[in-house]
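Note on naming: letters A, B, ... go to the chains in the order of the sequence lines (proteins, then strands), and numbering restarts at 1 for each one.
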Amino acid sequence: MAAGPAPEARPLMNKQTFLDNFSHLNYLNETYLCYEVDRMQDDLWIPLDEYKGFLRNKGADMGLERRHAELIFLERMASWNLDTELRYRVTCFISWSPCPDCADELVKFLRENRHVNLRIFAARIYERFPGYDTGLRALKAAGVKVTMMTFQEFEYCWKNFVDHQQDEDESFPPWDNLVVRSEELSQRLAGILQNQED
DNA sequence: ATTTTCAAT
């Protein structure tokens, strides 16, 4: 009776992958980025489930070309060809905040795509490279709402991007001091974003 | 103990 192929299930992230990558207690040399898109309609944001998913950076293994998660995401976004007559809000939940180079690329994309608004929730601040702070400020100046993930966002991602269908208890299992660490990082970020030079 | 960072600043 069932006609046609079953709808393709959206891929979900492995539980441990999420906990390993987004935790404040565990710093991996890789980055995961979860994303979703809303379209403005009658002053409301309507979720577009077809543009919901996650990805990870490429290249550390197998000798592939290295590529930060944001660059992969930018390519994916470009491939959607979002209608320039409409307004979109793109939300990213990313395990590391963007490096300065990725921040530049994001700013460039947003300049060329005025119909797209971007929000970035980062689990941790990536301060490996000098200029990480000016990169974050450039994002803010370009209209990106950059904030740290709080319990609410971790839980949201757990519910929306992580595969825990088999579990009896599907609630998000927070790690020790999640709320405190998130609050500390939020204050650090606030200081970075306030601190305009010149 | 809150050393860790999309590895190789």
For A:Cys102, answer base if it contacts any base atom (sugar-phosphate contacts may also be present), sugar-phosphate if it contacts only those atoms, and nothing otherwise; contact means non-hydrogen atoms under 4.0 Å. nothing
Identify, with sequence neighbours excluded, every residue that meets side chain to side chain contact (heavy atoms under 4.5 Å, CB included) alongside A:Arg111. A:Val107, A:Arg114
Quick one: does any side-chain atom of A:Arg124 pair with a main-chain N or O of A:Asn21 as donor and acceptor, under 3.5 Å? yes
Between C1' of B:dT5 and CG of A:Leu136, the distance in whole Å: 13 Å
Residues at least two apart in sequence or cross-chain that pass side chain to side chain donor-acceptor pair (under 3.5 Å) with A:Tyr88, listed by chain then number, are none
Side chain to side chain donor-acceptor pair (under 3.5 Å) involving A:Arg67 - partner list, sequence neighbours excluded: A:Glu75
Does A:Asn177 contact B:dT2 through a side-chain donor or acceptor facing the base, at a distance under 3.5 Å? yes
Has the side chain of A:His115 got a donor or acceptor atom that lies under 3.5 Å from a matching backbone atom of A:Leu82? yes
Could I get the full list of side chain to side chain contact (heavy atoms under 4.5 Å, CB included) partners for A:Asp163, not counting sequence neighbours? A:Leu12, A:Gln165, A:Gln166
Other hydrophobic cluster members with A:Met13, side-chain heavy atoms of Ile/Leu/Val/Met/Phe/Trp/Tyr under 4.5 Å, chained? A:Phe18, A:Leu19, A:Phe22, A:Leu25, A:Tyr32, A:Phe54, A:Phe93, A:Phe121, A:Met149, A:Phe151, A:Phe154, A:Tyr156, A:Trp158, A:Phe161, A:Val162, A:Phe172, A:Trp175, A:Leu178, A:Val179
Tell me every residue that passes side chain to side chain donor-acceptor pair (under 3.5 Å) with A:Asp104, counting only those two or more places apart in sequence or in another chain. none
Do any of residues 122-132 of chain A sit with a heavy atom less than 4.0 Å from DNA chain B, and if so which? A:Ile125, A:Tyr126, A:Glu127, A:Arg128
Return the set of residues passing side chain to side chain donor-acceptor pair (under 3.5 Å) with A:Gln41 (not counting sequence neighbours), or none when no residue passes. A:Arg39
For DNA chain B, which residues of residues 12-27 of chain A approach it to below 4.0 angstrom with any heavy atom? A:Leu25, A:Tyr27
Considering only heavy atoms, which members of residues 145-152 of chain A lie under 4.0 Å from some atom of DNA chain B? none
DNA chain B: A:Asp176 or A:Leu28, which has the more 5' nearest nucleotide? A:Asp176
I need the full list of side-chain hydrogen bond (donor to acceptor under 3.5 Å, both in side chains) pairs touching residues 44-54 of chain A, with sequence neighbours left out, sorted by first then second residue. A:Lys52-A:Asn160
Taking CZ from A:Arg181 and C1' from B:dT5, how many angstroms apart are they, rounded to a whole number? 12 Å
With ILVMFWY side chains joined below 4.5 Å, transitively, what does A:Ile46's cluster contain besides itself? A:Leu44
